[in-house]
Amino acid sequence: MASRVAGSLALVGLVVLVFTEVVHVNPTTAALTLLLVVLVVSASWGLWHAVFLSFVAALLFNFFFLPPTGTFTIADTQNWVALFAFLVTAVIASQLSERARKQALESDHQRQEVEKLYEFSQQLLVSENVVELLNSIPKQIMDTFGGTAAAMYLAGRDQVYRSGSEVQGLDLEGLKAACGRTEPTIDHERAVCIVPVRMGVRPLGTLGIAGGAALLRETLEAIGSLVAIAIERAGAVEKLGRTEAARQSERLRSALLDSVTHDFRTPLTSIKASVTSLLSGFESGQAERKELLTVIDEEADRLDRLVGEAVEMAKLDAHEVRLNLEPHQIGEVIEEALGESKHALAGHKVEVRLPERLPAAMLDASRIKEVLRHLLENAAKYSPAGSPIFISSEVKGDRLITNVADRGPGIEDLERSMIFDKFYRGQGQRYRVQGTGMGLAIVKAIMEAHGGRIEVTSQLGQGSVFSFGLPLAK
């Protein structure tokens with residue numbers, strides 16, 4: 001305060017010194033210059049400094065510039081009018097300047113609060129889980145608007161979520177008592193604000209802020225509205241997620257039942273017929289008995305494979321499978337996969353095209369072998385007998401890309417994104433070729449566990465190419 005008074009007096013003194021000792025001016029110029037100094041002080045330091053300086057400037061104007069100079073006596077009546085006009089103009093101008101300064105400060109304060117509200121609204125959109133959102137709201141309010149504590153009471157859960165120290169008035173009873181109010185309550189003595197959280201006319205709870213900067217009532221109401229909208233949005237997203245999960249569960253159940261009907265019944269029927277023939281005691285030769293036992297053995301293996309794929313798919317979905325990532329040559333894995341798929345590939349010529357000195361890749365050999373086996377068996381099942389199958393690998397950037405190509409009927413554009421879904425099978429092939437529709441879903445899950453993905457390019461009548469990438473070993 002003292003420094004500002006001294007600064008104001010110094011400014012006026014400097015003007016008087018310049019106009020009396022350096023540049024001699026008429027009373028009008030001196031009055032306008034002194035008035036300008038008063039306006040600058042009012043705009044910078046407030047009304048009371050300007051009013052004080054107005055009286056000082058009027059006295060100095062009378063003493064130095066109104067005749068007779070050097071005294072506080074005014075000889076001419078017109079000079080009295082000039083002095084009075086100067087003083088009134090200085091005071092009125094100070095008030096106008098102070099009003100403009102306050103409006104500018106208020107506008108700046110409102111702008112800052114609008115920016116904080118926008119930042120707060122963006123933070124509320126991050127979470128789509130109601131519990132997580134409720135736990136984060138008090139901390140977000142403290143981080144955005146300041147304060148020593150914040151607490152939120154949600155009527156539907158009858159629970160308080162808080163951040164910071166516990167403050168009187170922000171306890172469970174205080175927040176619950178304010179739940180039915182429609183407007184914010186501000187306790188200036190304890191620096192506590194309590195804001196109702198309402199969705200329209202429906203109360204959701206209350207929000208309390210302690211020790212923060214003075215927030216406008218409009219800002220407090222906006223905070224309550226934003227919190228209510230965020231809670232409703234998170235609840236709607238959760239409900240939508242549960243609905244979608246139920247829908248997917250129903251779709252999976254229907255697909256599983258369909259798979260059981262079409263794929264499990266066939267081997268069971270063959271096994272049942274073979275066992276019934278053996279138990280009926282009909283006279284058969286050694287060859288017939290061996291053929292029936294072979295059917296039972298093959299169909300039992302098929303059932304075991306179907307159950308194994310279903311169990312494996314469940315483990316991959318639950319992320320319960322851990323990978324043993326080590327550097328391996330893809331050629332070795334391809335050779336092992338070809339050996340295990342020899343029976344399925346009968347009648348097809350497989351051509352492997354690998355460049356020399358192919359670098360090793362980081363992979364789980366058993367899992368990638370399983371990927372290759374599924375892709376090779378699919379290529380054999382969906383391709384015409386005698387058509388070739390091609391396997392190739394190449395380095396692109398920091399990844400090793402492996403391709404399995406066939407000369408099958410191809411895949412329609414609309415189905416390319418769906419063939420990797422569990423139990424989905426192509427519209428034109430589901431009744432012609434046996435299968436569960438889990439093979440490509442398993443392939444996709446294994447590749448995602450490796451941090452990669454499986455892709456397909458296809459042309460109707462020409463065939464398909466399945467590609468997957470693995471990181472190169474460092």
Side-chain angles (χ1 to χ4, degrees), residues 301 305 308-309 312-313 315-316 321-411 416 419-420 433 435-436 438-459 462-474:
D301 289 341
R305 185 171 68 254
E309 287 180 352
E312 184 177 17
M313 190 71 251
K315 289 183 177 180
L316 288 169
V321 177
R322 293 186 178 181
L323 300 180
N324 181 25
L325 297 176
E326 293 181 353
H328 287 281
Q329 290 290 336
I330 193 66
E332 299 175 358
V333 182
I334 292 175
E335 187 177 348
E336 293 181 10
L338 288 172
E340 293 187 6
S341 305
K342 186 179 297 183
H343 179 72
L345 295 172
H348 293 274
K349 179 184 177 182
V350 180
E351 185 176 339
V352 181
R353 301 171 179 174
L354 300 180
E356 296 182 0
R357 298 180 181 178
L358 199 63
M362 292 298 297
L363 52 89
D364 185 321
S366 62
R367 292 294 176 182
I368 297 302
K369 180 175 63 177
E370 187 176 0
V371 168
L372 287 166
R373 195 181 72 245
H374 281 295
L375 295 179
L376 289 170
E377 292 179 359
N378 275 359
K381 283 193 297 184
Y382 292 100
S383 299
S387 61
I389 298 173
F390 303 93
I391 304 175
S392 62
S393 290
E394 59 181 334
V395 176
K396 288 186 178 180
D398 60 347
R399 303 186 76 79
L400 179 67
I401 308 299
T402 301
N403 308 299
V404 177
D406 61 49
R407 293 290 183 265
I411 304 168
R416 289 182 194 174
I419 59 174
F420 297 103
V433 180
T436 62
M438 287 190 291
L440 290 179
I442 292 174
V443 168
K444 178 184 176 183
I446 292 175
M447 291 313 304
E448 288 177 348
H450 278 79
R453 60 178 182 174
I454 181 77
E455 297 178 339
V456 59
T457 57
S458 183
Q459 185 176 357
Q462 301 297 320
S464 305
V465 180
F466 288 85
S467 305
F468 61 88
L470 296 166
L472 296 176
K474 297 181 180 180

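Numbers here are sequence positions counted from 1.
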Over all heavy atoms of both residues, which pair between His348 and Ala385 is shortest? Give the atoms and the distance, please. CE1-CA, 4.1 Å
Glu394, CD atom: more than 12 neighbouring heavy atoms under 6.0 Å: yes
For Leu372, which of Leu338, Val443, Val404 qualifies under side-chain contact (heavy atoms from CB on, under 4.5 Å)? Val404
Counting only N and O atoms by type, is there a donor-acceptor contact under 3.5 Å from the side chain of Arg407 to the main-chain atoms of Ser387? no
Heavy-atom closest contact (Leu323 atom, Arg367 atom, distance): CD2-CG, 3.9 Å
For the student: nearest non-hydrogen atoms of Gly397 and Val395, plus distance: O-CG1, 3.7 Å
Looking only at heavy atoms, what is the nearest atom pair of Pro327 and Ala473, with distance? CB-CB, 3.8 Å
About how many Å separate CD of Glu448 and CZ of Arg453, when rounded to the nearest 0.5 Å? 10.5 Å
Does the pair His450 and Ile368 meet the rule for a side-chain contact (heavy atoms from CB on, under 4.5 Å), with working shown? CA-CA 9 Å; His450 278 79; Ile368 297 302; 3.8 Å; yes
Student check: side-chain heavy atoms of Pro388 and Glu351 closer than 4.5 Å: no
Asp364 side-chain N/O to Asn324 backbone N/O, donor-acceptor pair under 3.5 Å: yes
Please evaluate residues Ile334 and Leu354 with respect to the criterion side-chain contact (heavy atoms from CB on, under 4.5 Å), reporting the C-alpha separation (whole Å), side-chain torsions for both, the decisive distance (0.1 Å), and the verdict. CA-CA 10 Å; Ile334 292 175; Leu354 300 180; 4.2 Å; yes
Just so I know, are the side chains of Leu470 and Ile401 near enough to count as touching, which here means a heavy-atom distance under 4.5 Å? no
Under a 3.5 Å distance rule, please check whether Ser393 uses its side chain to pair with a backbone N or O of Arg353 as donor and acceptor. no
Step-by-step side-chain contact (heavy atoms from CB on, under 4.5 Å) determination, Lys396 to Arg399: CA-CA 6 Å; Lys396 288 186 178 180; Arg399 303 186 76 79; 5.8 Å; no
Taking atom CG of Leu358 and atom CD of Gln329, what is their separation to the nearest 0.5 Å? 6.5 Å
So how far is it from Lys349 NZ to Phe390 CZ, rounded to the nearest 0.5 Å? 8.0 Å
Stepwise side-chain contact (heavy atoms from CB on, under 4.5 Å) check, Asn378 with Phe466: CA-CA 10 Å; Asn378 275 359; Phe466 288 85; 5.9 Å; no
CD1 of Ile391 to CG of Asp406: how many Å apart, nearest 0.5 Å? 11.5 Å
Restricting to non-hydrogen atoms, name the atom on Met447 and the atom on Val371 that form the minimum distance, rounded to 0.1 Å. SD-CG2, 4.3 Å
Atom pair CD1/CD of Ile442 and Glu370 - distance to nearest 0.5 Å: 6.0 Å
Minimum side-chain heavy-atom gap Ile454-Ile446 below 4.5 Å: no
Non-hydrogen atoms of Ser458 and Ser464 that approach each other most closely: OG-OG, 2.8 Å
Could you tell me the separation between the CD atom of Glu336 and the CZ atom of Arg373, rounded to the nearest 0.5 Å? 11.5 Å
